[in-house]
Amino acid sequence: MIGRLNHVAIAVPDLDAAAATYRNTLGATVSEPQDEPDHGVTVVFVELPNTKIELLYPLGDNSPIQGFLDKNANGGIHHVCYEVDDIIAARDKLKAEGARVLGDGEPKIGAHKKPVLFLHPKDFCGTLVELEQA
Ligand code: CO
């Protein structure tokens, strides 16, 4: 059911330092920071030949990644995003398998303007999973 790895999201406590690490130390192509107020994050996109890394930094008072950074002061992998062809069919199959879909279970428009859902980390090897309709 799942297809390509769309991105790995890494929450970071210092966005400039993280961007510099990817740009200079790792030699990657790194975007300018982009504010995503609807998602409570500022994002730097790291373009790799086969996927993307998203460096996430909290934006605003109710950022969904603030609690993660409170527990992981150095940052860490926050979620992985897999592509699916049909997000409603994917959701219905996952629910039938007993997996927990976060929120109200309805897809939201994600940072890439495509429908996304998040799946409970306890059902997926301790990793928050995002599904994006490609
Ligand atoms: Co994501």
Side-chain angles (χ1 to χ4, degrees):
M1 178 176 70
I2 60 171
R4 285 165 28 99
L5 174 67
N6 185 275
H7 61 270
V8 176
I10 301 177
V12 301
D14 182 334
L15 193 55
D16 289 339
T21 295
Y22 270 84
R23 181 184 291 116
N24 302 330
T25 310
L26 292 172
T29 301
V30 172
S31 78
E32 292 301 311
Q34 293 182 24
D35 289 345
E36 305 272 357
D38 291 349
H39 300 99
V41 292
T42 301
V43 186
V44 165
F45 297 95
V46 180
E47 296 288 342
L48 302 181
N50 63 340
T51 191
K52 292 186 289 287
I53 306 295
E54 295 185 1
L55 305 174
L56 305 181
Y57 183 79
L59 176 67
D61 291 334
N62 295 307
S63 174
I65 64 165
Q66 186 61 59
F68 182 90
L69 282 173
D70 290 344
K71 286 182 228 142
N72 302 276
N74 297 317
I77 293 178
H78 183 263
H79 64 268
V80 295
C81 178
Y82 304 122
E83 296 180 0
V84 294
D85 290 332
D86 180 335
I87 201 161
I88 298 297
R91 176 199 64 189
D92 292 347
K93 172 179 166 51
L94 286 158
K95 285 174 110 171
E97 300 279 347
R100 286 166 284 184
V101 177
L102 298 187
D104 63 6
E106 294 305 316
K108 302 267 189 304
I109 299 303
H112 311 121
K113 318 289 182 216
K114 292 178 174 171
V116 301
L117 284 172
F118 284 90
L119 309 177
H120 200 297
K122 287 190 176 158
D123 296 333
F124 296 95
C125 313
T127 304
L128 179 61
V129 173
E130 179 180 18
L131 297 180
E132 180 176 297
Q133 185 166 290

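Just follow the structure's listing: the first ligand is 1, and inside any ligand the first atom is 1. Hydrogens, waters and symmetry mates play no part in the numbers below; they use all other heavy atoms, side chains included.
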Between Glu54 and His78: side-chain donor-acceptor atoms closer than 3.5 Å: no
Worked check of side-chain contact (heavy atoms from CB on, under 4.5 Å) between Leu15 and Leu55: CA-CA 7 Å; Leu15 193 55; Leu55 305 174; 3.9 Å; yes
Contacts of the Co ion (ligand 1) with protein N/O/S atoms, counting only those under 2.8 Å: His7 NE2, His79 NE2, Glu130 OE1
Separation of Ile87 CD1 from Lys114 NZ (nearest 0.5 Å): 11.5 Å
Heavy-atom pair of closest approach, residues Ala28 and Leu48: CB-CD2, 4.4 Å
Mutual orientation of the aromatic rings belonging to Phe45 and His112 [parallel < 30°, tilted 30-60°, perpendicular > 60°]: tilted
Distance (rounded to the nearest 0.5 Å) between Arg23 CZ and Asp16 CG: 9.0 Å
